[in-house]
Amino acid sequence: MAQVTCVVCEGQVTLPEGAMEGEILLCADCGTELELVSLDPLTVEEAPQVQEDWGE
Amino acid sequence: MAQVTCVVCEGQVTLPEGAMEGEILLCADCGTELELVSLDPLTVEEAPQVQEDWGE
Amino acid sequence: MIGVVKIGGASGNDTRFLLEDLARRVRSGERWVLVHGASGVTDVLCEAAGVACRYVTSPSGYRSRYVGPAERALFEAAALSFSCRLSSELAACGVAAAVLRPDAARTARAERKAVLRAVEGSRRFILRDNYSGTVSAIDRLPLESAWKAGALPLLPPLAFDDESGLNLNVDGDRLAAAVAASIGADVMVILSNVPGLMEDLSRPDSLVRRGSLDGWERLERMAEGNMKRKLLACREALEGGLERVVLSDSRCERPLTHAVEGGGSQLWNSLSALRSSMAVAG
Amino acid sequence: MIGVVKIGGASGNDTRFLLEDLARRVRSGERWVLVHGASGVTDVLCEAAGVACRYVTSPSGYRSRYVGPAERALFEAAALSFSCRLSSELAACGVAAAVLRPDAARTARAERKAVLRAVEGSRRFILRDNYSGTVSAIDRLPLESAWKAGALPLLPPLAFDDESGLNLNVDGDRLAAAVAASIGADVMVILSNVPGLMEDLSRPDSLVRRGSLDGWERLERMAEGNMKRKLLACREALEGGLERVVLSDSRCERPLTHAVEGGGSQLWNSLSALRSSMAVAG
């Protein structure tokens, strides 16, 4: 299983099966939400906090 | 090369390479224009005469 | 009388009754704005063009259409085609409707929800190329110049996003509320294929006849699915200064007159306004 | 004065000059019908929706867009969206435009060219699910009720096919000609991005200023590509009873007034009518 480095704590985060671009991953070490911005090359960033719930 | 029977003179008409549905075939024996209405099953009918040229 | 009326966008909708009723009131000198939805006609165009409709669910459970670049273009085109259908039917009733397309008329502006979060089963996603928006501003000038030209302003559920330079699809009910507040309307009427806010959808006799901002939580608890958004739009109109909004049925003979004269669910901006309406109704 | 003006449908077209000029003439009491094309905006929508534009060539060499079911739906939606853009810009000029969608207003009927022959290199085909059509009938009533409501009738390049129950795309120039003949217009003006009929496209000073039905073959020999169809539409309008049609440039300041007052190519229904126009022009 592919792994990627957490941008906050540099812990190793395992990608779920069939992970897709835009998916949100949770860093088990520090709890940061990471956005899988690209699969090739494998890149993550901190996932943005979305202000309002778009149902509103 | 696939062949189909002419609906007018029952002569054998050879299909061109990569023949497509809707293609017009010419019966070499009687000169009738045939429309390839279906590839499966292989079926032809007399091609309709179109009144005006659709550029008009 | 200045009013705003919102109708749905399903292609099969029979709009004749509503448009005849609206035309009669416009010809009698009342000033109206007609806002319409477009979800029904968009599905038809997406299917014809072979573009699958994708739906996404927000973290708090709201299910909405996913609007990527292709869906946006199709939604805009479908919405504007429906505007043309309504304008043609109004012309046949002797009323000139001025279809106001936001990128040309700058009637409504939107803020794009550029980053969304969506959930799919246990998995969560960031959506980045979403092209739906929230209404951020209304310009009443194009509406007034349409009235001055003797026309009925007719608005599709679209608003212009300066940043992308595109029309974004917006919620038609909330667009109607924003327009009603901006022109200081006397009433906003939202017509759909239900009698109004129902206490219990399975009981046809459970229509809520009256309500007001003062008891709004009670109303919200009853609302399900789409009605939640309609109620949100009603609250925005009332908080935007309207005295009264009505949720009513589009399927009766004079649906607009029925609503204006007390039919459906009458929602007031305060309990006192509600009480005085009952006194008047006698 | 009763007139019909036809403009192109490219999304980039700057229609401001034309619409301001048209609005001025409408406000002064002249009766006009505005017809527009849609090929440009259709390409944009097809691309956004990921539907490839296919072109086919007729046995005699005419190249046209292939209009299958998906293309038809996209063409219709793109055409009607462009109608909404024009109606919004006209509203800003103080004129209410009534967009008349043929399936709702029954303004124009079409006969579907259900069976077409096409050539591709040396191979020949029968096309069966084609959804473009030829205008077969015009109903002037919806146009007159729009005028009565103080509105400018605005027609997309569509006509209704009773058999399929669908709007088919038709040639905008020929639709304008059919409308002009049916309402007995004084003039039809076709505006495009060329000065008029040019004897030689590479020589800007080779504008043909005048012509008439009596010398039509000479005009036809000069026409290339799209201009062939525009000339066909002009002949249909003149044979339909019009005294004069004008092919002129949409890119000048008052393009409609320029054309009505003698600019571009003035085409008359007879040599005598042409001569008397020159005597008047002095």
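Below, read A as the first sequence line, B as the second, and so on, with proteins coming before strands; counting in each chain starts at 1.
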I'd like to verify something: which residue of C:Val51, C:Leu45, C:Leu152 has the highest number of heavy-atom pairs under 4.5 Å with chain D? C:Leu45
Nearest-0.5 Å distance, OG of residue D:Ser88 to CG of residue C:Leu154: 10.0 Å
Answer yes or no: are there more than 12 heavy-atom neighbours, outside D:Glu30 itself, under 6.0 Å from its atom CD? yes
Output a table of donor-acceptor pairs, distance under 3.5 Å, between side-chain atoms of residues 71-84 of chain D and any protein atom two or more places apart or on a different chain; print 'none' if there are none.
residue, atom, partner, partner atom, Å
D:Glu71, OE1, D:Gly68, N, 3.0
D:Glu71, OE2, D:Arg54, NE, 3.4
D:Glu71, OE2, D:Arg54, NH2, 2.9
D:Arg72, NH1, D:Glu76, OE1, 3.4
D:Arg72, NH1, D:Asn167, O, 2.8
D:Glu76, OE2, D:Asn167, ND2, 2.6
D:Ser81, OG, D:Ala77, O, 2.5
D:Ser83, OG, D:His36, NE2, 2.7
D:Ser83, OG, D:Ala79, O, 3.2

Interface check, chain C: of D:Gly50, D:Cys46, D:Ser87, most non-hydrogen pairs under 4.5 Å belong to D:Ser87
Crowded around D:Arg251 CZ? As in, over 12 foreign heavy atoms under 6.0 Å? yes
Below 4.5 Å, heavy-atom pairs only: which of D:Ala70, D:Gly150, D:Ala92, D:Pro153 has the largest tally toward chain C? D:Ala70
Determine whether more than 12 heavy atoms belonging to other residues, nucleotides or ligands lie under 6.0 Å from atom CD of C:Glu111. no
Between C:Ala146, C:Ala49, C:Pro156, C:Pro142, which shows the greatest number of heavy-atom pairs under 4.5 Å with chain D? C:Ala49
Return yes when atom CZ of D:Arg254 has more than 12 non-hydrogen atoms of other residues, nucleotides or ligands closer than 6.0 Å, and no otherwise. no
Which residues in residues 93-108 of chain D have any heavy atom closer than 4.5 Å to a heavy atom of chain C? D:Gly94, D:Val95, D:Ala96, D:Ala97, D:Ala98, D:Val99, D:Leu100, D:Arg101, D:Ala104, D:Ala105
Within a radius of less than 6.0 Å around CD of D:Glu144, do more than 12 heavy atoms belonging to other residues, nucleotides or ligands occur? yes
